[in-house]
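Beneath this line is the structure, given in structure tokens, with notes to follow.
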Amino acid sequence: MAALSKSIPHNCYEIGHTWHPSCRVSFLQITGGALEESLKIYAPLYLIAAILRKRKLDYYLHKLLPEILQSASFLTANGALYMAFFCILRKILGKFYSWTPGFGAALPASYVAILIERKSRRGLLTIYMANLVLLFCITAAMYMFFFRCKDGLKGFTFSALRFIVGKEEIPTHSFSPEAAYAKVEQKREQHKEKPRRMNMIGLVRKFVDSICKHGPRHRCCKHYEDNCISYCIKGFIRMFSVGYLIQCCLRIPSAFRHLFTQPSRLLSLFYNKENFQLGAFLGSFVSIYKGTSCFLRWIRNLDDELHAIIAGFLAGISMMFYKSTTISMYLASKLVEAMYFKGIEAGKVPYFPHADTIIYSISTAICFQAAVMEVQTLRPSYWKFLLRLTKGKFAVMNRKVLDVFGTGASKHFQDFIPRLDPRYTTVTPELPTEFS
């Protein structure tokens, strides 16, 4: 481990913003690039979330844009303020220590940035775990258990799970069996009076109904319009379509960027492996959860909230179709957060003000320290995200100079030597290979 007291005399231009000697210009360039990428990330994300949550017109007119700008500002500030504190620390300390280029600059930048974000989005961050599928299985089991419990989950999390698995899996479902059957009969009468136009979705639905028409349904199951087999198959088709469309929407900006130069790339918008992977993940999660729940109702002859733990755990195997550290860690951290606040409400655990802000700041600072001093230890997807956010500028830091701290900072950058202007350096710069 690098000695904390060891230092180097280089200035911020020689190590950090090697593409331009001015701290102010470099800060503005980072800010502009980060803002552009942040808007590309959050605009489709918030739009899709609004559609899934069935927001009213008033939300789109008055709240959607401010929420996008607020989250984009948070992410932009995280990148831009890192550059600012990178330079500020160098000017205050007069030199660089092993902790200043990464942790030292990122900690205050992350703390200020997270204060810009909405309180509801400041999730607790935890260290990364290797076994994503097992982590997701455990997380899904606990989520589905709280979903089935009365007052277990609230707000967006409850609404999202109700959309994904359906309101039939909520024990406090408001429809009585008699009312539900009456509603089904009423719908059938309406269909007889006014034939529905047979589009593609209608054809698929008719096909599924024809296969599962005479299947069984347990008396404890609340999916009164379908038998158990049809219930699971329809759940898979519905969420597979949602996952496919979400991934298509996320790829629209990059696809249309090459509309005139490479028109053939538009085909990848619809026929792409990631589209089907996300669809398979969501579809299999729902179908496995519903199928297991129905199976347990048949076996035990009752509807129990504890079924959700087993069904949720088995449904977590669906992560094999779409292995995502981001999804696993985000859901796990939000689960910890939810359990923490439930403990506070029950008076079992103490309340620590600003705990989410502090944990986020420290976690992000550790990641930035790794990104500067030990890129080889950083998760590849997070490194790609940093490169995207900074328009590739994170990769042009002068890591050869940082090798003196003993962390192997330039291990993956052996062939890179920045072209520095000697007029703005404190140490005679090393010339690139072609000029040496």
Smallest separation among heavy atoms of Leu386 and Ala371, with atom names: CD1-CB, 3.6 Å
Measure the spacing between CD1 of Ile288 and CG of Leu314 and express it to the nearest 0.5 Å. 7.5 Å
Measure up the Phe394 and Trp383 rings against each other and bin them: parallel (under 30°), tilted (30 to 60°), perpendicular (over 60°). perpendicular
Parallel, tilted or perpendicular: which one describes the rings of Tyr46 and Tyr42, with boundaries at 30° and 60°? tilted
Spatial distance of atom CG (Asn78) from atom OG (Ser110) [nearest 0.5 Å]: 4.5 Å
How long is the straight-line distance from CZ of Phe281 back to CE of Met319, given to the nearest 0.5 Å? 4.5 Å
Measure the shortest side-chain to side-chain distance between His307 and Arg297 over non-hydrogen atoms and say whether it is less than 4.5 angstrom. yes
Just so I know, are the side chains of Val286 and Arg238 near enough to count as touching, which here means a heavy-atom distance under 4.5 Å? no
Examine Arg90 relative to Phe85 and say whether NZ or CZ is less than 6.0 Å from the centre of the six-membered ring and inside a 45° cone about the ring axis. no
Decide side-chain contact (heavy atoms from CB on, under 4.5 Å) for Tyr231 and Cys221; before the verdict, give the C-alpha distance in whole Å, the side-chain angles of both, and the deciding distance to 0.1 Å. CA-CA 10 Å; Tyr231 178 58; Cys221 294; over 6 Å; no
Yes or no on side-chain contact (heavy atoms from CB on, under 4.5 Å) for Lys393 and Met83, after CA distance, side-chain angles and deciding distance? CA-CA 11 Å; Lys393 290 183 173 59; Met83 189 78 267; over 6 Å; no
Ring centroid separation for Tyr82 and Phe368, is it under 6.0 angstrom? yes
Step by step, work out the side-chain contact (heavy atoms from CB on, under 4.5 Å) result for Leu389 and Ser38. CA-CA 7 Å; Leu389 189 65; Ser38 299; 3.8 Å; yes
Cys87 vs His17 side-chain heavy atoms within contact, under 4.5 Å: yes
Under a 4.5 Å cut-off applied to non-hydrogen side-chain atoms, are Glu67 and Tyr59 in contact? yes
Between the side chain of Asn11 and the main-chain N/O of Glu14, is any donor-acceptor distance below 3.5 Å? yes
Quick check on the 6.0 Å ring-centre criterion: do Phe86 and Phe96 meet it? yes
Check ion pair Arg423-Asp421 (N to O, under 4.0 angstrom): yes
Donor-acceptor contact below 3.5 Å, side chain Gln369 vs main chain Thr100: no
Is any side-chain N of the basic residue among Asp303 and Lys222 closer than 4.0 Å to the acidic one's carboxylate O? yes
Strictly distance-based, threshold 3.5 Å: is any side-chain N or O of Thr425 a donor or acceptor partner for the main-chain N or O of Pro422? yes
Give me the atom names and distance for the closest heavy-atom approach of Phe147 to Val165. CE2-CG2, 3.6 Å
Flag yes if more than 12 heavy atoms outside Phe416 fall under 6.0 Å of its CZ atom; otherwise flag no. yes
Working to the nearest 0.5 angstrom, can you tell me the gap between Cys23 SG and Leu28 CG? 11.5 Å
Between Lys391 and Ala34 (side chain of the first, backbone of the second, donor and acceptor by atom type, cut-off under 3.5 Å), is there such a pair? no
So do Ser410 and Leu402 actually touch side chain to side chain, heavy atoms under 4.5 Å? no
Go through Lys411 and Glu374 one step at a time and tell me if the salt bridge (charged side-chain N to carboxylate O under 4.0 Å, His left out) criterion holds. CA-CA 8 Å; Lys411 183 176 181 179; Glu374 299 177 275; over 6 Å; no
Could you walk me through whether Leu65 and Tyr60 satisfy the side-chain contact (heavy atoms from CB on, under 4.5 Å) test, starting with their C-alpha distance in whole Å, then the side-chain angles of each, then the deciding distance to 0.1 Å, before giving a yes or no? CA-CA 7 Å; Leu65 183 59; Tyr60 292 94; over 6 Å; no
Are Leu75 and Phe385 close enough that some pair of their side-chain heavy atoms sits under 4.5 Å apart? yes
Considering non-hydrogen atoms only, spot the tightest contact between Phe285 and Ala140 and give its length. CE1-CB, 3.8 Å
One should read off an interatomic distance between Ser7 OG and Leu93 CG, to the nearest 0.5 angstrom, of 9.5 Å
Starting at CD1 of Ile48, measure out to CD1 of Ile246 and round the result to the nearest 0.5 Å. 5.5 Å
I want to check something: taking the side chain as every heavy atom from C-beta on, are Gln247 and Gln277 in contact at a cut-off of under 4.5 Å? no
Are the side chains of Asn398 and Leu420 in touch, meaning some heavy atoms are under 4.5 Å apart? yes
Any donor and acceptor pair, going by atom type alone, linking the side chain of Thr18 with main-chain N or O of Pro418 inside 3.5 Å? no
In terms of heavy-atom contacts, Ser284 and Ser287 come closest through O-OG, 3.2 Å
